[in-house]
> 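Have a look at this one before I ask anything.
Letters A, B, ... mirror the listed sequences (proteins, then strands); counts begin at 1.
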2 protein chains.
Amino acid sequence: MSKKPTIKEIAKLANVSIGTVDRVIHNRGDVSKETTILIKKIMNELKYVPNTHARNLALNRNFKIAVLLPEHKNGEYWSEPMRAVQQANTDLKSFGVEIKIYLYNQKNKNSFIKESRRIFDEKNDAVLLAQVLIEESKIFMDTCKRKSIPYILIGSIKNDISALSTIGQNSYQGGRLAGELISFNQKKGTNFLIIHITKAQNPNLNVKERIMGFNSFFSDNNEFHYVIDSLIISEEDPDLIKKIQNKLIQTEKLGGVFVPNSKSHILVKALESKKLFRIVGYDLLDKNKQLLNKKKIDFLINQRPYEQAYEGIDYLYKYLGLQQLPPQIVSLPLDIVTKEKLMYY
Amino acid sequence: MSKKPTIKEIAKLANVSIGTVDRVIHNRGDVSKETTILIKKIMNELKYVPNTHARNLALNRNFKIAVLLPEHKNGEYWSEPMRAVQQANTDLKSFGVEIKIYLYNQKNKNSFIKESRRIFDEKNDAVLLAQVLIEESKIFMDTCKRKSIPYILIGSIKNDISALSTIGQNSYQGGRLAGELISFNQKKGTNFLIIHITKAQNPNLNVKERIMGFNSFFSDNNEFHYVIDSLIISEEDPDLIKKIQNKLIQTEKLGGVFVPNSKSHILVKALESKKLFRIVGYDLLDKNKQLLNKKKIDFLINQRPYEQAYEGIDYLYKYLGLQQLPPQIVSLPLDIVTKEKLMYY
DNA sequence: ACTATATCCGTTAACGCACACGGAACGGAG
DNA sequence: CTCCGTTCCGTGTGCGTTAACGGATATAGT
């Protein structure tokens, strides 16, 4: 019963035409003060809510959303956001949304610049991106702002007020959580290591914050445990394995190693005999999952990259199509994955 | 460029009218074989996707979704699903969705029956419910099935094939996870307790499965740890606290207590001096959160009741309005909450 | 040859909203 | 008085889809 009120009914009650009602709804003027007030009053009483389907049909808009991500292979980190984007694409197609994917080579800044230029050339209405190449991304985002193209950042939580939203995990808290997991019920006097295997070029902001959080956990809570040292090493270092092994041997009473990015599988490669310490890492790459399952890795913190990307696209559409503002910052839960939980991913 | 193809264009290409194309799309017959094939071919080539807004406008349907939940106070478990329902209500109002909430008294089966009858009387198109009163719910769901009213269950994962979907956590795996958390790095020979404080009447299925999972973890993995005993006790037992205390004292080498429902705050009440064992519980009630923050509770497993309800409503709408079938079973991640993570909830 | 019936298809009026266009009423300037 | 501008408002068309309705043609039955 009591179907939803429409513009027509409001017009009838106010003794005006639907054109007038429409004008006050979009307050585009040319309506006398009294009728404006009257119409607004009636709308409130009837709790009028415009019919989204009718509105969008009348506006008959099409949206082009660009997704700017690094190239990748299957099983790698970025394939999860990619899956999400594809899913969102089929889900939103019937709403007039077209998603275009732009992939760049992480190690080639020019390819980033080229792709970001294409995004503008091809007149996209909004952008979803991950801030991997920090400086280049900044320039890109500035350009977006200048052209008033809304964008959403995934993979990190920033106070970027010109972004429509940033979606990610709190890296600092993630580091603290890692501290908690790694020190939990360890003997007094145990020491811990941070091993940061980098992909050369990028001094990842998330990683920095994770390390800060990790350290802060120990200085706050844990007078009996110590973060002895941290090793920063390039993935392409020819002596990578050997250097890691040395570091492990040198460390006395080693209780655990924190790998603040997705490279914990490389650390495991360096292990020779039985693992005698705990390993806490990040991200459910295929390789990491296998090692978690073999108990070579103890905890993985999942950033939920699929959800990040899917929600990002969804927010962009809701902004463009339904004028709904997303939260400035979306903080996904820190998802601790253990061997027991693994089968659900 | 290349706007989305419409029925009209397809009709023109096939030299027929839009009526014919429409008949093919909804295969409601009265079209010759050849033209059917031709039209289908053209639709495939153009990758035609019907415009959801136009479709829903033409159909001009309104949906009434009923939500059937127990009464509750603020800060209690059910206030989270309730918040989600209210949010979904405002989000979906403009799509012609009306959500009606039916609350019953958990301890009064008649109130459940009364409310469920109202749901049918008031001609709702779909139902979201939590299976708290098991038998009564079964009858209700059977009636739904008979009247072909789709329903979604939240709070438990069932193989209820007549449900449109069931959304929840895998309780068995939750129990195993609890086992992992509670035994992690404990000394050999440590013993564990299960304390199940019940709300009298309902022999909760989830709780049973959690306990089974908990036990199975120890029989599978943990030859040095033992689940000594389990105490099942009514919340209304006048000697509740005393009985719990006795059980705790009796247990030698107690390493931890597993509370397989949201009542861990009651267990904490029974503690007199410093807590010397680990506590793993469920659900982020206000009381539990405070105790987690004070380190009286070590881990809480969050069932994500808000997300369960929101997704449930969303799935129902997408089914009714967009003919999208949800997954039969939606398993939300086991969300481990520690003191560090607490600030995000 | 004529009607009855089946088969196939086109026309059309909604659905609720957005927006362009034009028009009525009025006042003031010439 | 006419002419013009301003203020306020109604009308009409179109967005893409649905589905009722009825029209045209062919086929069968008498």
> Taking side chain to side chain donor-acceptor pair (under 3.5 Å) as the definition, give me every residue that meets it alongside B:Ser156, ordered by chain and number, with sequence neighbours left out.
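Applying side chain to side chain donor-acceptor pair (under 3.5 Å) to B:Ser156 gives B:Lys158.
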> Mind calculating the distance between NZ (A:Lys8) and P (C:dC17) to the nearest angstrom?
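These atoms are roughly 10 Å apart.
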> Is the number of heavy atoms from other residues, nucleotides or ligands under 6.0 Å of A:Tyr319 OH greater than 12?
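At most 12 heavy atoms, drawn from other residues, nucleotides or ligands, come within 6.0 Å of this atom.
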> Give the residues of residues 22-43 of chain A touching DNA chain C, defined as any heavy atom closer than 4.0 Å, sorted by residue number.
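Correct list: A:Asp22, A:His26, A:Arg28.
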> Who pairs with A:Ala14 by side chain to side chain contact (heavy atoms under 4.5 Å, CB included), at least two apart in sequence or on another chain?
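Side chain to side chain contact (heavy atoms under 4.5 Å, CB included) list for A:Ala14, sorted by chain: A:Val16, A:Leu38, A:Ile39, A:Ile42.
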> In chain order, what residues pass the side chain to side chain contact (heavy atoms under 4.5 Å, CB included) check against A:Gln324, with sequence neighbours excluded?
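So A:Gln324 forms a side chain to side chain contact (heavy atoms under 4.5 Å, CB included) with A:Lys318, A:Leu322.
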> Residues in ring-ring contact (aromatic ring centres under 6.0 Å, His included) with B:Phe140, at least two apart?
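By the ring-ring contact (aromatic ring centres under 6.0 Å, His included) rule, B:Phe140 matches B:Phe120.
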> Tell me the closest heavy-atom pair linking A:Asp125 and A:Leu320, and the distance in Å.
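Smallest interatomic distance, heavy atoms only, reads O-CD2, 4.0 Å.
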> Using atom types as modelled, flag every donor-acceptor pair under 3.5 Å from a side chain in residues 304-311 of chain A to any protein atom, sequence neighbours excluded.
| residue | atom | partner | partner atom | Å |
| --- | --- | --- | --- | --- |
| A:Gln308 | OE1 | A:Gly155 | N | 2.9 |
| A:Gln308 | NE2 | A:Gln303 | O | 2.8 |
| A:Tyr310 | OH | A:Asp91 | OD2 | 2.5 |

> If we fit an axis to the first five pairs and another to the last five of the helix from C:dA1-D:dT30 to C:dG30-D:dC1, what angle do they make, to the nearest 10°?
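It comes to 70° between the two terminal axes.
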> How would you list, by chain and number, every residue that makes a ring-ring contact (aromatic ring centres under 6.0 Å, His included) with A:Tyr104, sequence neighbours excluded?
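Testing A:Tyr104 for ring-ring contact (aromatic ring centres under 6.0 Å, His included), a comparison that skips the adjacent residues, returns A:Phe112.
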> Please report, rounded to the nearest Å, how far the P atom of C:dC17 is from the CZ atom of B:Phe95.
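In whole Å, C:dC17 P and B:Phe95 CZ are 14 Å from each other.
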> Does anything in residues 5-63 of chain A form a ring-ring contact (aromatic ring centres under 6.0 Å, His included)? List the pairs, not counting sequence neighbours.
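For residues 5-63 of chain A, and leaving out neighbouring residues, the ring-ring contact (aromatic ring centres under 6.0 Å, His included) pairs sorted by first residue read A:His53-B:His53, A:His53-B:Phe95.
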> Regarding A:Ser162 and A:Tyr151, is there a side-chain donor-to-acceptor distance under 3.5 Å anywhere?
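There is such a pair between these side chains.
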> One thing to verify: whether A:Glu9 and A:Lys12 come together as a salt bridge, which I'm taking to mean a side-chain N less than 4.0 angstrom from a carboxylate O.
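So A:Lys12 does not pair with A:Glu9 through a salt bridge.
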> Taking side chain to side chain contact (heavy atoms under 4.5 Å, CB included) as the definition, give me every residue that meets it alongside B:Gln323, ordered by chain and number, with sequence neighbours left out.
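Side chain to side chain contact (heavy atoms under 4.5 Å, CB included) list for B:Gln323, sorted by chain: B:Arg55, B:Arg61.
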> Under 4.0 Å between any heavy atoms, over every strand shown, what does A:Leu57 touch: base, sugar-phosphate, or nothing? Just pick one.
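Base contact - A:Leu57 has a heavy atom under 4.0 Å of at least one base atom.
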> Is it true that B:Glu122 and B:Lys100 have a side-chain N and a carboxylate O under 4.0 angstrom from each other?
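Result for this pair is yes, salt bridge flagged.
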> Taking 5' to 3' order, which nucleotide of DNA chain D is first and which is last to have an atom within less than 4.0 Å of a heavy atom in chain A?
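Terminal contacting nucleotides, 5' to 3': D:dC8 to D:dG16.
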> Identify, residue by residue, the members of residues 12-20 of chain A with a heavy atom below 4.0 Å from DNA chain C, and return them in order of residue number, or none.
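Going residue by residue through residues 12-20 of chain A, none turns out to have a heavy atom under 4.0 Å of DNA chain C.
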